[in-house]
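Predicted model, so just to flag it, every value in this text is computed and none were measured.
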Amino acid sequence: SYLIMNNIPVFIDSRTDLYTKIYNGKEDIYKDYINVIKGNIYYEEIFEKYNINYILIEKDSWLSNYIKKDKKYTVEYEDSNFVLFKYICI
């Protein structure tokens, strides 16, 4: 919500109903998000599909720990709760 308030586009936020195919008529973004967070789909597939270049996620999540090891991403910001990754082309 903070990002949206500051006119920064997001992939998904707390209003998950807006991100379902039933609501937006295009994509089931919420389903893609859940599949990435649960590890059911390789995150790169979804990041490429939606052209995601920055990822702001909980610091201690399994996905955060996995992306930290991926040489295609750098840590742009990190605090005790969250980490912001930036996609870099190698």
Handout entry: Criterion side chain to side chain contact (heavy atoms under 4.5 Å, CB included) on Phe82 and Ile57, from CA distance to verdict
Key = CA-CA 6 Å; Phe82 295 97; Ile57 56 177; 5.9 Å; no
Practice task
Determine the sole option in Phe85, Tyr43, Phe11, Tyr87 for which the side-chain contact (heavy atoms from CB on, under 4.5 Å) test with Ile55 is passed.
Solution key: Phe85
Problem - Salt-bridge criterion met for Asp79 and Lys59 (N-O under 4.0 Å) - result: no
Handout entry: Close side-chain approach of Ile4 and Arg15, heavy atoms under 4.5 Å
Key = yes
Exercise for the section: Following the transitive rule for hydrophobic clusters with a side-chain heavy-atom cut-off under 4.5 Å over Ile, Leu, Val, Met, Phe, Trp and Tyr, establish whether Ile8 and Val83 coincide in one cluster. Expected result: yes
Problem - Flag if over 12 foreign heavy atoms under 6.0 Å of OH, Tyr42 - result: yes
Practice task
For the residue pair Glu44 and Glu48, establish whether any side-chain heavy-atom pair is separated by less than 4.5 Å.
Solution key: yes
Exercise for the section: For the residue pair Asp32 and Tyr50, establish whether any side-chain heavy-atom pair is separated by less than 4.5 Å. Expected result: yes
Practice task
State the CD1-CD1 distance between Ile46 and Ile29, to the nearest 0.5 angstrom.
Solution key: 10.0 Å
Problem - Salt bridge Glu78-Lys68, side-chain N to carboxylate O under 4.0 Å - result: yes
Completion exercise
Rounding to 0.5 Å, atoms CD1 (Ile41) and CD1 (Ile34) come to a distance of 12.5 Å
Practice task
Report the distance from atom NZ of Lys49 to atom CD of Glu27, rounding to the nearest 0.5 Å.
Solution key: 4.0 Å
Fill in the blank from the handout: So OH of Tyr73 and CG of Asp70: to nearest 0.5 Å the spacing works out to 6.0 Å
Handout entry: Between CD1 on residue Ile67 and OG on residue Ser61, distance to nearest 0.5 Å
Key = 7.5 Å
Practice task
For the pair Trp62 (side chain) and Lys38 (backbone), establish whether a donor and an acceptor sit closer than 3.5 Å, ignoring hydrogens and angles.
Solution key: no
Handout entry: Spacing of CD1 belonging to Ile22 relative to CG belonging to Asp28, to within rounding of 0.5 Å
Key = 8.0 Å
